[in-house]
Amino acid sequence: MSHELGRLEDLPADYVQDLRDLNLVPLWPSLRGVLPPHIPTRQTKPTHWPYKTIKPLLLKAGELTPIEKAERRVLVLANPGHGLEKMQASAAMYLGMQLLMPGEWAPSHRHTPNAVRMIVEGEGAYTTVDGEKCPMRRGDLILTPTGLWHEHGHDGTDPVIWLDVLDLPLVYYMEASYHVNGERQTIHPGQSQQQYAHGGVAPTKVFERSKKAYPMLRYAWTDAKAALEGMAADDPALDAVQVTYINPETGADAENILGFYALMLRPGQRLRLPARSPAQVFHVIEGAVQADMLDQSFTLVEADTCCAPGYEAVTLTNLHADKASFLFIADESPLHRKLGVYENRG
Ligand code: 1HN
């Protein structure tokens with residue numbers, strides 16, 4: 001049952017002022033606002049950021065602002081529902097397209113928010129995370145989890161562009177966001193990805209497993225794509241051909257707050273994702289996909305990105321009738337599950 005509650009205007013102005021002078025506020029005029037019936041108020045609006053509109057403006061930023069003046073040369077994909085200046089794609093997710101030009105260097109730092117990079121375009125760049133040099137190739141996912149040093153370099157000949165996904169809005173809201181600048185990292189040999197290159201078996205030192213909280217830092221697209229194609233071929237009846245990027249030591253999500261997935265849509269496939277509480281981001285790695293949510297329909301081509309608010313179903317349609325399309329998905333599921341607010345409403 002929902003009663004009409006008293007409004008602020010129903011109270012004597014001098015009473016409200018007396019409260020305010022003592023840093024007090026009556027709850028009942030705002031109760032329905034903070035606790036709406038049945039479904040949360042979501043500022044996250046379905047939003048589409050076409051890559052072809054971003055790329056020229058990002059290249060222009062490369063001319064206008066030298067890397068030394070930017071540290072990270074990024075155009076932020078901001079959700080207008082939150083207000084552009086908030087630099088949020090959703091309540092917990094930040095998205096940005098970052099440009100590194102040949103020969104440029106983005107110096108080493110570490111910070112409390114967790115980041116991942118999904119490589120969009122270009123060859124020859126690399127990011128060094130916790131001393132591991134991770135080559136950046138199209139579709140690769142590279143982790144830079146909380147607290148780990150990271151820096152970017154580029155030995156190639158053409159611009160490199162990637163999509164950054166961070167839990168910055170949440171960590172900032174928690175008043176827990178800060179960074180520390182560092183020295184150029186000493187690169188140690190080895191690729192964590194080689195340690196975990198085969199599913200179902202994990203490296204075992206005598207009596208000891210990896211003590212690293214984040215044992216695998218680079219997830220090559222060639223491997224994720226091969227896993228999806230293998231699943232699809234093995235089980236033609238499987239409708240959601242999807243993998244989750246996990247920590248290969250624990251099987252948990254790769255990072256603590258945001259979840260990362262790759263989804264394959266078979267030729268012409270239409271897939272309805274149920275209404276679940278976390279907001280989601282979709283980015284086309286290969287192919288073309290129509291994304292329908294609420295009253296919006298986005299046509300996503302390669303390298304396009306869009307976001308969907310939580311508690312809404314999303315229908316994805318592969319616009320290619322003769323070949324598969326592949327999406328990278330980021331969402332707030334790990335956060336919702338850990339906090340106990342995760343819901344699947346079907
Ligand atoms: C950051 O450290 C990077 O290291 C990119 O490339 C984007 C956005 C907000 C805060 C830190 C990077 C970022 C960021």
Side-chain angles (χ1 to χ4, degrees), residues 49 54-55 57-58 61-62 65-79 82-122 124-138 140-156 159-185 187 214 217-219 254-258 260 281 283 305 307 328 330 332:
W49 295 273
I54 299 173
K55 186 179 172 184
L57 295 169
L58 194 50
T65 306
I67 193 71
E68 297 74 23
K69 288 281 178 199
E71 250 174 62
R72 300 299 192 260
R73 193 189 289 108
V74 177
L75 293 179
V76 178
L77 282 53
N79 192 304
H82 287 272
L84 299 182
E85 67 291 343
K86 290 275 178 56
M87 301 198 299
Q88 293 178 234
S90 70
M93 289 189 282
Y94 158 105
L95 299 174
M97 281 284 181
Q98 182 161 171
L99 168 71
L100 200 63
M101 297 299 286
E104 286 186 340
W105 182 252
S108 189
H109 70 184
R110 59 184 171 90
H111 43 68
T112 46
N114 297 276
V116 299
R117 335 225 163 260
M118 166 52 52
I119 315 311
V120 177
E121 187 174 344
Y126 58 90
T127 181
T128 303
V129 184
D130 196 25
E132 179 177 330
K133 186 171 177 176
C134 301
M136 296 169 130
R137 297 199 189 93
R138 183 159 162 271
D140 291 352
L141 185 75
I142 299 173
L143 308 187
T144 55
T146 181
L148 297 192
W149 294 108
H150 55 281
E151 62 202 84
H152 317 305
H154 189 353
D155 297 334
V160 166
I161 296 174
W162 63 83
L163 176 69
D164 292 312
V165 185
L166 283 83
D167 48 25
L168 176 66
L170 177 76
V171 178
Y172 182 77
Y173 177 73
M174 290 164 61
E175 300 187 343
S177 179
Y178 71 95
H179 86 281
V180 180
N181 286 331
E183 301 298 314
R184 193 178 276 240
Q185 294 172 72
I187 294 174
Y214 302 95
L217 296 171
R218 174 170 180 263
Y219 298 72
E255 289 186 347
N256 282 324
I257 295 176
L258 302 180
F260 308 104
V281 163
H283 174 84
T305 307
C307 75
F328 169 64
E332 301 168 337

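Whatever order the structure lists ligands and atoms in, that order sets their numbers, starting from 1. All heavy atoms count here, side chains included; hydrogens, waters and symmetry mates do not.
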Check each heavy atom of Thr144 against ligand 1 and say whether those closer than 4.0 Å belong to the side chain, the backbone, both or neither. neither

Quick check: Trp162 and ligand 1, any N/O pair under 3.5 Å apart? no

Would you say Leu148 and Leu217 make side-chain contact, with heavy atoms under 4.5 Å? yes

Write out the residue and atom name of the closest protein heavy atom to atom 7 (C) of ligand 1, then the distance separating them to 0.1 Å. Asp164 OD2, 3.7 Å

Just to verify, which of Arg73, Arg72, Arg117 counts as forming a salt bridge (charged side-chain N to carboxylate O under 4.0 Å, His left out) with Asp164? Arg117

Please check whether His150 reaches ligand 1 - meaning an N/O of the residue sits under 3.5 Å from an N/O of the ligand, judged on distance alone. yes

So is Glu151 touching ligand 1 or not, going by heavy atoms under 4.0 Å? no

The single option from Leu166, Val76, Leu95, Leu77 passing side chain to side chain contact (heavy atoms under 4.5 Å, CB included) against Met87: Val76

Does Tyr214 reach the side chain of Thr144, with side-chain heavy atoms less than 4.5 Å apart? no

When you compare the side chain of His109 with that of His150, does any pair of heavy atoms fall below 4.5 Å? yes

Quick one: CG on Leu168 to CD on Gln88, what's the gap to the nearest 0.5 Å? 8.5 Å

So do Thr305 and Met97 actually touch side chain to side chain, heavy atoms under 4.5 Å? yes

What's the shortest distance from atom 6 (O) of ligand 1 to any protein heavy atom, and which residue and atom give it? His152 NE2, 2.6 Å

Please work out which of Met87, His111, Arg72 has its closest non-hydrogen atom nearest to atom 11 (C) of ligand 1. His111

Would you call Lys55 and Pro159 a side-chain contact if the rule is heavy atoms closer than 4.5 Å? no

Arg117 and ligand 1 - part of the residue with a heavy-atom distance under 4.0 Å: side chain

What is the nearest protein non-hydrogen atom to atom 10 (C) of ligand 1, stated with its residue, atom name and distance? Leu166 CD2, 3.9 Å

Under 4.0 Å to a heavy atom of Tyr94 - the qualifying atoms of ligand 1, by number: 7 (C), 8 (C)

Which residue and non-hydrogen atom of the protein lie closest to atom 9 (C) of ligand 1, and at what distance in Å? Leu168 CD2, 3.7 Å

